[in-house]
Amino acid sequence: MADVPYRFERTAEAGSLHERYAELGAGEETDDDVAVAGRVMLTRPQGRLAFATLRDSSGQIQLFATEKVTADFETFSRLSQGDWVGARGRVMRTRKGELSVQVHEWVLLAEARRSFGDKWKGVTDTETRFRQREVDLWANERAGEVLRLRSRVVSVLRRRLEAEGFVEVETPMLHVLAGGALAKPFVTHHNALDTDLYLRIAPELFLKRLVIGGFEKVFEIGRVFRNEGLSPRHNPEFTMLELYQAYADYSDFLVLVEQLVAGLASELLSTTVLTYQGRPLDLTPPWRRATMAELVTEATGEEASVHTPVDELRRRVAAAGVDPDPSWGSGKLLLELYEKTAEPQLWGPVFVTEFPAEVSPLSRRHRDDPDLVERFEAVVAGRELVNAFSELVDPDDQRARFEAQAAAKAAGDDEAMVVDEDYLRALELGLPPTAGLGLGIDRLVMLLADVSNIREVIAFPTLRPER
RNA sequence: GCGCCUCUAGCUCAACGGCAGAGCAACGGACUCUUAAUCCGCAGGUUUCGGGUUCGAAUCCCGAGGGGCGCACCA
């Protein structure tokens with residue numbers, strides 16, 4: 001390995017140089033001495049002259065070296081694509097008009113022993129791109145742009161929520177019981193306690209315990225883990241925003257969601273009218289609101305609701321191509337019907353409201369109909385982006401719902417919940433009326449970045465290990 | 001988990017039953033304003049792996065592995 005320094009005193013970034021010297025004319029040279037650093041993307045040695053394109057995190061700048069003014073010109077002109085260098089010299093613009101740093105002194109900061117792919121086509125092989133993300137990030141500029149957008153999305157979300165008085169908290173990722181969602185958990189083992197622990201599938205129950213503890217407006221942005229298959233829209237670990245607000249109900253969150261998402265789009269993309277994968281997507285509030293029953297009725301042309309006779313619903317579910325389990329009640333049947341008939345046609349943004357109580361074990365019953373709950377999902381670009389509800393506050397009802405879940409689990413549903421006594425004890429201390437929501441950060445970034453594969457928005461997505 | 005597609009040099013790709021090739025990168029050389037610089041030269045391979053068919057296999061068949069997409073599950 002070449003001898004490289006321990007630090008380099010950089011005084012300018014590529015991007016800011018272009019702004020600062022926008023007025024500098026072709027062939028003009030300044031007396032301004034700057035020091036830049038980055039990775040050499042391209043070299044164009046030309047005898048007693050040499051050009052190199054240097055990239056740092058702000059952009060690109062050309063290095064201009066000549067035998068006359070550049071120290072160790074001979075070695076400079078032999079730099080390889082991928083080498084990191086620091087260079088000091090005067091800001092100038094070449095006769096052909098390219099803003100450059102005329103290199104007086106320079107130092108190799110790191111040697112690239114491996115290549116960065118074809119200089120025109122880069123690296124397109126998806127496996128290489130995701131297994132060696134560091135290569136991808138240099139070879140494909142867009143890859144880095146998407147991850148930077150992600151960073152800004154999270155940052156803007158935090159800022160907006162904090163401005164609204166929400167407090168960010170961190171709750172456990174290692175759970176004794178995996179609760180708060182319907183999903184298969186990862187299992188791990190704690191040696192000293194000699195007990196199995198589960199990686200969290202949702203922070204929900206802990207966040208509500210904080211509300212019980214007096215945190216009236218809380219949120220958490222964090223990783224959750226679900227032991228499910230991989231797909232272009234599913235990574236086993238993904239990032240969720242969960243948000244809880246005391247004294248509010250789900251209708252407050254309808255407004256909050258459309259404003260949060262539209263606000264994010266206008267702040268980061270300067271518009272609320274997007275194109276996602278070639279299809280127009282207008283995020284401008286207000287978004288359409290429709291109940292699940294309305295959407296099913298609309299899609300099938302037959303009046304349907306949670307009160308439609310069970311046998312009739314079962315018949316329609318079977319007609320839609322799903323084999324109904326005998327244990328399913330009208331709520332589960334309506335949900336199945338919705339997922340098979342209405343949901344595939346939805347593009348959104350649309351709020352799907354009033355879910356069946358049977359499939360919503362943590363949601364509060366609807367004030368007008370005990371078979372429904374006050375819950376909505378926001379479908380945006382054909383995908384569920386947000387799930388929110390008025391929180392179930394009644395400990396007796398919660399126990400009954402947990403027990404129904406436990407029965408389903410005993411009957412073979414390995415995604416069903418179990419009875420969480422810690423949570424029930426907390427509820428018995430009194431949870432005030434509260435609204436809660438969960439939003440998939442990865443999918444939100446996909447939307448704003450207009451990418452179709454979740455792996456694009458995750459720096460190091462899950463892949464099967466190489467053997 | 002199931003189905004379909006795919007895997008050739010570091011990268012991007014050809015060759016599709018008959019001698020494994022090109023461009024870029026790398027390496028050596030020429031070149032004082034390049035922009036994917038240009039020109040000359042050189043080198044680079046267990047064609048993912050293991051079997052089979054064939055006079056002959058990167059190519060056809062079977063199996064394994066990786067990846068992609070779809071379905072299932074979900075956010």
Side-chain angles (χ1 to χ4, degrees), chain A residues 26-27 29 40-53 60-70 73 77-83 92-100 102 112-132 135-136 138-140 180-184 201-202 223-242 321-323 339-340 343-344 377-380 382-388 413-415 437-444 446-447 452-455 461 463-467:
Chain A
E29 199 176 315
V40 172
M41 301 307 291
L42 293 170
T43 58
R44 294 177 290 281
Q46 203 173 316
R48 288 190 281 260
L49 278 184
F51 301 89
T53 303
Q60 296 190 346
I61 185 77
Q62 177 168 269
L63 300 182
F64 175 74
T66 67
E67 193 176 40
K68 225 182 285 174
V69 304
T70 304
F73 173 80
S77 64
R78 279 205 304 269
L79 280 170
S80 285
Q81 201 179 91
D83 287 341
M92 56 161 300
R93 193 177 288 281
T94 61
R95 294 210 279 269
K96 293 285 173 62
E98 185 75 24
L99 188 70
S100 307
Q102 186 184 49
R113 291 192 189 171
R114 295 170 180 273
S115 85
F116 279 80
D118 189 282
K119 70 177 162 192
W120 190 236
K121 297 196 172 175
V123 176
T124 56
D125 178 62
T126 48
E127 185 173 358
T128 310
R129 288 191 51 224
F130 295 131
R131 277 196 204 284
Q132 294 175 240
V135 172
D136 183 35
W138 287 106
N140 304 303
L182 302 168
K184 276 171 273 186
I201 57 174
R223 209 70 61 82
V224 299
F225 308 85
R226 298 189 182 175
N227 208 337
E228 291 157 356
L230 286 74
S231 91
R233 287 161 292 281
H234 301 266
N235 198 64
E237 50 177 313
F238 62 100
T239 302
M240 268 219 319
L241 162 68
E242 282 207 9
V322 180
D323 188 23
E339 286 177 351
K340 280 290 165 299
E343 195 181 26
E377 281 185 357
V379 174
V380 185
R383 287 201 283 267
E384 299 154 28
L385 180 68
V386 175
N387 182 21
D413 181 354
D414 53 5
E415 292 182 354
L437 80 78
L439 181 155
I441 296 288
D442 311 85
R443 289 187 175 178
L444 177 61
M446 288 170 71
L447 205 69
S452 61
N453 193 322
I454 195 168
R455 291 174 165 176
L463 293 177
R464 194 183 296 272
E466 285 176 293
R467 293 194 321 157

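Within every chain, numbering begins at 1; the chains are lettered A, B, ... in the order of the sequence lines, protein sequences first and strands thereafter. These figures come from a predicted structure and were not determined experimentally.
Judged as a side chain to side chain contact (heavy atoms under 4.5 Å, CB included), and not counting sequence neighbours, A/T124 has no contacts. With sequence neighbours left out, A/R48 forms a side chain to side chain contact (heavy atoms under 4.5 Å, CB included) with A/E67. By the side chain to side chain contact (heavy atoms under 4.5 Å, CB included) test, A/D118 pairs with A/W120, A/K121, sequence neighbours left out.
For B/U59 and B/G52, the C1' atoms lie 15 Å apart once the distance is rounded to whole Å. Nucleotides B/A72 and B/C62 are separated by 28 Å at their P atoms, to the nearest Å. Nucleotides B/C5 and B/A9 place their C1' atoms 24 Å apart, quoted to the nearest Å. For B/G1 and B/G44, the P atoms lie 42 Å apart once the distance is rounded to whole Å. Rounded to whole Å, the separation between the C1' atoms of B/U53 and B/C60 comes to 8 Å.
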Every protein N/O within reach of nucleotides 40-44 of chain B N/O, cut-off under 3.5 Å:
none

For nucleotides 4-12 of chain B, give me every protein contact, N/O to N/O, under 3.5 Å, one pair per line with atom names.
unit_1	atom_1	unit_2	atom_2	d
B/G10	O2'	A/S115	OG	3.3
B/C11	O2'	A/D118	N	2.9
B/C11	O2'	A/G122	O	2.5
B/U12	OP1	A/T124	N	2.9
B/U12	OP1	A/T124	OG1	3.4
B/U12	OP1	A/D125	N	2.8
B/U12	O2'	A/K121	NZ	3.0

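In this model, the phosphate group of B/C33 is approached by a side-chain N or O of A/Q46 to a distance below 4.0 Å at OP1 or OP2.
When the nucleotides B/G66, B/G70, B/C27 are ranked by their closest atom to the side chain of A/R233, B/G70 comes out on top.
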Seminar exercise, completed: Symbol by symbol from the 5' end, with Watson-Crick or G-U pairs under 3.5 Å, [ ] crossing and | another strand, RNA chain B is (((((((..((((....[..))))..((((.......))))......(((((..]....))))))))))))....
